[in-house]
Amino acid sequence: MTPQMDNATPHEPNASDEANTSDAASADPRRISRKGLLKAAIVASAAPLLAGGGVALARDAASSGGGALLAPTPQCDDGDDTTPPQMEGPYFKPNSPRRTSLVASGTPGVPLTVSGYVFGRACRPISGALLDFWQADTNGSYDMAQYAFRGHQFTGADGAFSLTTIVPGLYPGRTRHIHVKAQAPGGRILTTQLYFPNEPRNNTDALFDPELLMNVRSVGNGRQGTFDFVLDVAQTPGPSDPPTQPPTDPPGGTWAPGTSYRAGDRVTYGGVAYRCRQAHQAMTGWEPPNVPALWERG
Ligand SMILES: [Fe+2]
C-alpha cells in the first residue's frame, strides 16, 4: 500500500517514520499550568476538587489504571491548556465523507462510540466546528483506496459531537489511536490523535501523550469513549463566567502570589480567612477560593 498524499498540510512519508519520530510533546517542555498544579494538588490530597472543580479528572481516572470508577466527563479545561497537536502521519486523505458513523451492520471489530465537546479557550462550546476522523480498521490497516473509517462532521449548537466506529486495530510501531483534525469555523486546523487507556503499547509509543487519552468504558460488547477538545480560539466570557484575569482592584487580604506557604499557614483573602492545606508557592490563579485543594476556610 502506497499512501498517496495530496493534501497541503505537512505529513510524514511512511508509517515507520510515524512510529520512530521523536516525541514532539516531550520535546516541548509542558507549561506549568494552573490545571497541572490543580492535578498535582488533587493527587497530593484527597481529591477535594472533585465536587466543585472537575478539572480533567475523567482522563486522569482513565489513565491511572484499573478503570473501575470513571469520573464524569470534564466540562472544559480552564483555558490555559489547549488540546496538544500531534503529527498527521502518512494515512490522511482529504475529502472524507460527511458522516457520524464509520460502520455498517456487520462491520468487523469492537463497536466504539467517541463523544464529547469542542470548546474554545474560555470554555464556551464551539458550534459548527469541523472534526475529521480517520483510523485503521480492526486489522490495523488504513483504507487508502476508498474512505473506509474516514468521516467528518460538525459540532452541534452545543459544541457536541459523536462518532460511531470500531476500536481501531494495532499496526507495527504504534499504540492504539484515532487520528483527527479539528477546526473551529474560520480557525486554524488542529491535527492530533486520541489514545486509549490501559494499552500496553502506550508505554513504548514515542508519540503517545497522556493528555490525549480518551475516557473509555466498556458497555455491553462495545466501548464508549469521551474526549473534549479545547481549541486555541479566543472567546468572550459570558456574564456568568468568572473573570480569567485578576480584577483590577484585588480583594484585600494577606494572601499574595509568589509567597511560599506551609501547611497550617493562615491568610485572608477577600475578607475571608483561609488555612493552608499543603505547602505550595502561591501564584495568580490559585487564589484561596479557587483552589480548595490548597486552602480551606477557617
Ligand atoms: Fe495512525
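Ligands are counted one by one from 1 in listed order, and the atoms in each one are counted from 1 as well. All of these numbers come straight from a predicted model, not from anything done at the bench.
Not a single N/O/S atom of Q193, whether from backbone or side chain, sits less than 2.8 Å from the Fe ion (ligand 1). Not one N, O or S atom of Y91 sits under 2.8 Å from the Fe ion (ligand 1).
Pairs passing the side-chain hydrogen bond (donor to acceptor under 3.5 Å, both in side chains) check and including a residue from residues 150-160, sequence neighbours excluded, read S96-H152.
Within a 6.0 Å sphere centred on CZ of R188, other residues, nucleotides and ligands contribute 12 heavy atoms or fewer.
Ring-plane geometry between W295 and H280 is classed as perpendicular, the angle between the planes exceeding 60 degrees on a 0 to 90 degree scale with a lower cut at 30.
In this structure, the side chains of Q86 and L212 come closer than 4.5 Å at one or more pairs of heavy atoms.
Between the OH atom of Y171 and the NE2 atom of H179, the angle taken at the Fe ion (ligand 1) works out to 160° after rounding to 10°.
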